[in-house]
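Some notes on the structure that comes next.
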Amino acid sequence: MANFSKSNVPQFSVDVYQNEYLPEGGREVNAIVTVTATGGGTIGSTVTAPHLYSPGEGPSAAVVLMVDCSGSMDYPPTKMRNARDATAAAIDALRDGVHFAVVGGTHLAKEVYPGDGTLAVAGPGTREQARQALRGLSAGGGTAIGTWLRLADRLLASADVAIRHGILLTDGRNEHESSQDLKAALDACAGRFTCDARGVGTDWEVKEVTAIASALLGTADIVADPAGLAADFTQMMETAMGKEVADVSLRLWTPVGTTVKFVKQVAPTVEELTGRRIEAGPRAGDYPLGSWGDESRDYHVCVEVPPADIGQEMLAARLSLVIPQPDSSVRNLGAQGLVRAVWTDDMAASTSINPQVAHYTGQAELAQVIQQGLDLRKEGDIDGATAKLGRAVQLASASGNADTAKLLAKVVDVVDAATGTVRLKAKVEEADEMTLETRSTKTVRVKK
C-alpha cells in the first residue's frame, strides 16, 4: 500500500490471484492481478457527488472536447443541436480551475473556444463564453480525425497540469485522411493524453472509434440516438474529473530465463497491453495503465519460466506500480505483487485452474468470438458466424455476463444458451449490431 500525505491522492494496492503449482516440466504461469485505487477524495470523504470537487480542489487537469462538425452532422438537423447541447452539458460538469477548450472537427481542425491557441480556465464566466461559442457550431465539410487529435495534443501540451484528457465525438467514417495518417496521429498522441471516443448514429466505423480509444487508453461507446448525447457527455466528463493520478504503469520484472507471453487488461474491458511495453532496465518493462481515480481494474499476466524439478520453486515475476518521470526516474506508488511457480507431483494441485484465471480467459475469448462472428456475418459466412456467435452466447451465459447476453440476443435467436445453439436473425437493426461490436470487450468482474 502506498502512503501519501495528501488526502485526495488515491492509495494503490495490488492483489495477485493464481495457481502457483506446476507439474514436472511445466512452464506456463498465469495470474490475475487486481489493481485498486482508493481514498482519492471520493471514497470515505465528505464529497457527496461522485468525482466532483469544490472549487480549487482536486488535481490540475485539462480537457479538450472534439466535436464532429462534418456535413453529415446535419442529417438529421437535430444531430448537430444534440451535439452542441451535449458539449455544453460537459462544460457545465467541469470543476472550477480545470483548463479546457473546444475543437470543431471537419477535414480540418478549428479552435472553437477559446480560439487563441491556449486553454481557458473553467469558471462561471468562461463556461458561459464557451456556451455562447458553441452556438456558432455548424455542419459542413469532411472528416479527418487525425487533425483533431493533433490540435487537441497541442492545446493540452500548453498547460502545466497533471491530467490531460480528450473527449471525441464523430458521426461518420474518417474519409478525408488515410488510415496511415490517423495511425500516425494516434502514435504521436499516445502517452500524452487519454481520450474517450463516441460514435453517434450508425454511419461511423466501429473499428476506427474503438482504435482511437484503445490507443489513447480511453473508453469507446455508441450513442445510437443523438438525444442521449448530453447524458453520456456529462457522465464522461464527471468520470474524467474523478481522475487523480496520470500515467500509471504496471512494472513487470522477470528473472533470467523467464519470458513474458502477454499482459492484458481483462476488466472492466479487454485491452491488449503486450505490445505497449516500454523497457525499464534489466529484465523489467512498463505497461501503461492510463489515469486513475477511485477504481479497480484486473489484468491477466502470463509468463513462461524455465522448467524445473519437483519440489523447486521460484519467483516468476514481480509487479509494482510506478509513474515514469521525464528525467527517466520513477515515482513508486508503493504497491507490489509477486507471481510464484512451484513444481509438484500432486496432480490435483498442478491441474487445478485458478477461478479468476478461468473466468477472464473465457471473457477474453468472448470478446474475440463476437468480433470474429460479426466479421463473418458481414462477409456472408452464415455457418461460420453462427458457430462463433453461438460460442459467444455460451460463454456469456456461463460467466454471467448478462449485458452481453442481451446484446447477442438482438443478433441471434438463442435456442440453448448452455450449448451455444443459436440461429442468426434474418433482420438485424444496424444500431444493435454496432452496439454489440462496440461493447464486445466489456467484461464482468469475477466473484472473488
Side-chain angles (χ1 to χ4, degrees), residues 12-36 249-277 280 283-289 296-321 335-369 391-392 394-396 398-401 441-448:
F12 284 86
S13 64
V14 169
D15 294 297
V16 176
Y17 302 89
Q18 67 161 134
N19 175 19
E20 63 264 40
Y21 294 105
L22 297 175
E24 185 173 14
R27 301 192 63 185
E28 187 172 286
V29 180
N30 288 275
I32 298 300
V33 180
T34 296
V35 177
T36 304
S249 286
L250 179 68
R251 176 160 290 185
L252 180 60
W253 176 91
T254 50
V256 173
T258 298
T259 304
V260 179
K261 293 190 74 174
F262 63 79
V263 177
K264 63 178 74 170
Q265 179 180 288
V266 288
T269 58
V270 177
E271 192 66 63
E272 184 61 63
L273 301 176
T274 312
R276 303 184 190 197
R277 177 185 173 106
R283 304 191 302 281
D286 290 346
Y287 299 84
L289 308 185
S296 181
R297 306 177 200 168
D298 291 341
Y299 300 89
H300 187 170
V301 174
C302 178
V303 298
E304 190 173 83
V305 296
D309 295 329
I310 299 300
Q312 287 194 274
E313 60 180 88
M314 69 174 288
L315 175 63
R318 181 168 57 241
L319 306 147
S320 57
L321 297 176
Q336 182 173 287
L338 304 177
V339 179
R340 299 171 63 240
V342 180
W343 283 266
T344 179
D345 56 4
D346 182 339
M347 287 295 290
S350 65
T351 57
S352 173
I353 300 175
N354 175 271
Q356 282 82 1
V357 172
H359 174 84
Y360 285 125
T361 299
Q363 292 285 284
E365 185 189 352
L366 173 60
Q368 183 181 48
V369 293
R391 175 63 174 155
Q394 186 181 33
L395 289 165
S399 65
N401 195 330
T441 60
K442 290 183 185 290
T443 58
V444 288
R445 300 297 291 272
V446 66
K447 294 184 176 70
K448 297 190 172 107

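Note that the structure is predicted; figures quoted are calculated from it, not measured.
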- Trace of the salt bridge (charged side-chain N to carboxylate O under 4.0 Å, His left out) decision for Arg445 with Asp298: CA-CA 8 Å; Arg445 300 297 291 272; Asp298 291 341; 2.9 Å; yes
- CG/Leu338: more than 12 non-hydrogen atoms of other groups inside 6.0 Å: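 Enclosed.
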Once rounded to the nearest 0.5 Å, what's the spacing between atom [atom1] of [X] and atom [atom2] of [Y]?
X	Y	atom1	atom2	value
Gln265	Glu272	CD	CD	11.0 Å
Ile353	Asn19	CD1	CG	9.0 Å
Gln363	Lys442	CD	NZ	13.0 Å
Phe12	Ser296	CZ	OG	11.0 Å
Leu22	Thr344	CG	OG1	9.5 Å
Thr361	Leu395	OG1	CG	11.0 Å

Smallest separation among heavy atoms of [X] and [Y], with atom names:
X	Y	value
Val342	Glu313	CG2-CB, 3.7 Å
Val270	Ala367	CG2-CB, 4.3 Å
Ala280	Arg251	CB-NH2, 3.4 Å
Pro288	Ser249	CA-OG, 3.8 Å
Ser399	Val444	O-CG2, 3.7 Å
Trp343	Asp309	CB-O, 3.3 Å

Contact check, side chains of [X] and [Y], non-hydrogen atoms, under 4.5 Å:
X	Y	answer
Val33	Val35	yes
Leu321	Leu289	yes
Phe262	Asn30	yes
Val263	His300	no
Val339	Leu319	yes
Pro23	Thr351	no

- Compute whether any side-chain donor of one residue and acceptor of the other, for Tyr287 and Arg276, lie under 3.5 angstrom apart.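 No, because no side-chain N or O of Tyr287 sits under 3.5 Å from a partner of the opposite role on Arg276.
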- Could you tell me whether the side chains of Thr269 and Thr441 share a donor-acceptor contact shorter than 3.5 Å?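 Short answer, no.
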- Item | side-chain contact (heavy atoms from CB on, under 4.5 Å) evaluation trace for Val29 with Tyr21 | CA-CA 9 Å; Val29 180; Tyr21 294 105; over 6 Å; no
Is there a donor-acceptor pair closer than 3.5 Å between any side-chain N or O of [X] and the backbone N or O of [Y]?
X	Y	result
Thr443	Pro268	yes
Gln312	Met314	no
Ser352	Ala348	no

- Task: Can you tell me which residue pairs pass the salt bridge (charged side-chain N to carboxylate O under 4.0 Å, His left out) test with a partner in residues 20-32, sequence neighbours excluded?
- Result: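 Salt bridge (charged side-chain N to carboxylate O under 4.0 Å, His left out) check on residues 20-32 returns Glu20-Arg340, Arg27-Glu304, Glu28-Lys261.
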- Qualifying salt bridge (charged side-chain N to carboxylate O under 4.0 Å, His left out) pairs, either residue in residues 343-369, two or more places apart: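 Every salt bridge (charged side-chain N to carboxylate O under 4.0 Å, His left out) pair that includes a residue of residues 343-369, provided the two are not neighbours, is Glu365-Arg391.
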- Task: Tell me, with the steps shown, if Thr34 and Val16 meet side-chain contact (heavy atoms from CB on, under 4.5 Å).
- Result: CA-CA 6 Å; Thr34 296; Val16 176; over 6 Å; no
- Residue of the set Ile32, Val260, Thr254, Leu252 for which side-chain contact (heavy atoms from CB on, under 4.5 Å) holds with Val301: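 One option only clears the test, and that one is Leu252.
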